[in-house]
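Take a look at the structure set out below.
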Amino acid sequence: MTGAPAAPSIQPARRRRRRAGQRRPWGTLFTRPDRVGVYIRFTWAKHRFSRLGGMTSEDARAKLARTHAALVAGQPIGAVLADLFGDTNSENMTFGEAWKGYLPVATQQKRKSTLVADERRIVPILKAPWASKQLRAITPQEIQAWADERRTPRTVEIRRLVGKTWRMVPKTVTTSGATVNRDLALISAVFKWAWKRGHVEANPVRRVEKESERGREREVYLSAQEARALMEAASPVLRPLLVTALSTGMRRGELLSLPWRCLDLERREITIEAQAAKGKVRRVVPMTIDLHALLSDLARSAPALDGEDRVFLDAQGEPVGEGTLRLMFESALARA
C-alpha cells in the first residue's frame, strides 16, 4: 500500500537523517539570495528541474504537489511545465524559440568570444527550412541534408576593393567540413538544452554524420616572401596586428582583446591571460626586436593610455572588431 509522499520543506543547511521506513520527500524547496520567492527543485526522468514555486512556502509546496500529481497521472513533462510554470509549450516550440531559451544558459556558461561566435554562427542555421518547424518534428534526415548542402560549392556576392572602388563581385565559396561540424555542435547544444527540459524526446543531431577532421591540416604557414607582400598591402590599422600575429602566433581573439596591462615593454613580454586564451591557460610570450619597437611606438602615440585599454584600435580610436579585421585582411589579400 502506497501513500502520498511526504511534504517537502525548505532545504536545510545540513541534510537530516531519515528514520527507518520513512519515505524520501519528492522534491525540495529552496530560496535564492538574489531573488524573491520560494523555488522548487525536483527530478523526473533522470533530469533535474528548478522553477519558481511561489512567493511563500505554502504556495511552493502546493505547486510542487500539483506538479507531482500531474506527472504521476502520465502528463508529459513539457505539458506540465507549460501549464504550471508558463514554459513555452513543447508541442509548438520551434528551433528558433529553443535557441532563444538556450541563449541565457549559454551566456552564463560560455566565454564572451565563444558566445559572439555562436551568435554569428546561428544566423545561417536559423535560415534553414527545418529551423521554423516544431522542434519535435525535426528529423535527423532534414539536418543531414542541410549539412550536405552546406558543403556543396556555391556562388555568392561579396564586397571587394577593385582599384579604388568597393564593388560586389561573385565568388565561389565552399563551407569546410570543420565549419559544418561546429554548426552541428551548436545545433546539438540547443537540442540538448530542450531535451533536458522535456521539450523533445531525443537529440536528432546524434544521428547526423560528422565530417572527419583526423589528419586535417589546420595550420598554413606563410613564406617570407608572402609575409612581406601581405605586410606591404596591409592598411596602417592592420599592420600592427599582422606583425604581432606573425611574431607571437597569438590567436585572433587573443589579439583583439589584448589590453595594455598585459604588455611588459621593459621585460619584452606579452602575458596572455587565462580568460582570453582558448585553453584557459595563462602563458607568457616573448617579444621580438621588431615587435618591441612597434609596440613601443604604439605606447608613445596612444592618448591617455590606461591599462584596461585595448592595444589595437581602428582609425576612429575604437577597438578593432572581428568584422573589421576580416574586411581589412581580405582587402590586403586582394591587393597582395
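All of these numbers come straight from a predicted model, not from anything done at the bench. All heavy atoms count here, side chains included; hydrogens, waters and symmetry mates do not.
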Inset, instruction - Please name all residues satisfying side chain to side chain contact (heavy atoms under 4.5 Å, CB included) with Leu52, sequence neighbours left out, ordered by chain then number. - result: Tyr39, Met55
Legend entry - Non-hydrogen atoms of Thr94 and Glu97 that approach each other most closely: N-OE1, 2.9 Å
Legend entry - Greater than 12 external heavy atoms within 6.0 Å of Glu149's CD: no
Legend entry - For the student: nearest non-hydrogen atoms of Thr139 and Pro204, plus distance: C-CB, 4.2 Å
Legend entry - Closest non-hydrogen atom pair between Arg326 and Arg252, with its separation: NH2-NH1, 3.9 Å
Inset, instruction - Taking Asp264 for its side chain and Arg268 for its backbone only, find out whether a donor-acceptor pair lies under 3.5 Å. - result: no
Inset, instruction - With sequence neighbours left out, write down each residue that passes ring pair (Phe, Tyr, Trp, His ring centres under 6.0 Å) with Phe95, or none if nothing qualifies. - result: Trp130, Phe191
Inset, instruction - Not counting sequence neighbours, which residues clear side-chain hydrogen bond (donor to acceptor under 3.5 Å, both in side chains) with Glu322? List them please. - result: Arg120
Inset, instruction - Report yes or no: does Glu254 contribute a side-chain atom to a donor-acceptor pair with the main-chain N or O of Arg251 at less than 3.5 Å? - result: yes
Legend entry - Heavy-atom closest pair, residues Gly96 and Leu126: CA-CD2, 3.9 Å
Inset, instruction - Check the side chains of Ser188 and Asn203 for a donor-acceptor pair under 3.5 angstrom, ignoring hydrogens and angles. - result: yes
Would you tabulate the side-chain donor-acceptor contacts of residues 233-249 under 3.5 Å, counting partners in other chains and residues two or more places apart, or write 'none'?
unit_1: Ser235; atom_1: OG; unit_2: Leu238; atom_2: N; d: 3.3
unit_1: Arg239; atom_1: NE; unit_2: Met231; atom_2: O; d: 3.2
unit_1: Arg239; atom_1: NH2; unit_2: Ala234; atom_2: O; d: 2.6
unit_1: Thr244; atom_1: OG1; unit_2: Pro240; atom_2: O; d: 2.8
unit_1: Ser247; atom_1: OG; unit_2: Val243; atom_2: O; d: 2.7
unit_1: Thr248; atom_1: OG1; unit_2: Thr244; atom_2: O; d: 2.6
unit_1: Thr248; atom_1: OG1; unit_2: Met250; atom_2: N; d: 3.2

Inset, instruction - Please name all residues satisfying side-chain hydrogen bond (donor to acceptor under 3.5 Å, both in side chains) with Asp118, sequence neighbours left out, ordered by chain then number. - result: Lys110
Legend entry - Greater than 12 external heavy atoms within 6.0 Å of Trp44's CH2: yes
Inset, instruction - Would you please name every residue forming a salt bridge (charged side-chain N to carboxylate O under 4.0 Å, His left out) with Asp148, sequence neighbours left out? - result: Arg151
Legend entry - Residues Phe42, Trp26; criterion ring-ring contact (aromatic ring centres under 6.0 Å, His included); working and verdict: CA-CA 7 Å; Phe42 62 92; Trp26 188 84; 5.1 Å; yes
Inset, instruction - Specify the closest pair of heavy atoms between Thr175 and Arg150, including all atoms of both residues, with the distance to one decimal. - result: CB-O, 3.1 Å
Legend entry - Exceeds 12 heavy-atom contacts within 6.0 angstrom, atom CZ of Phe329: no
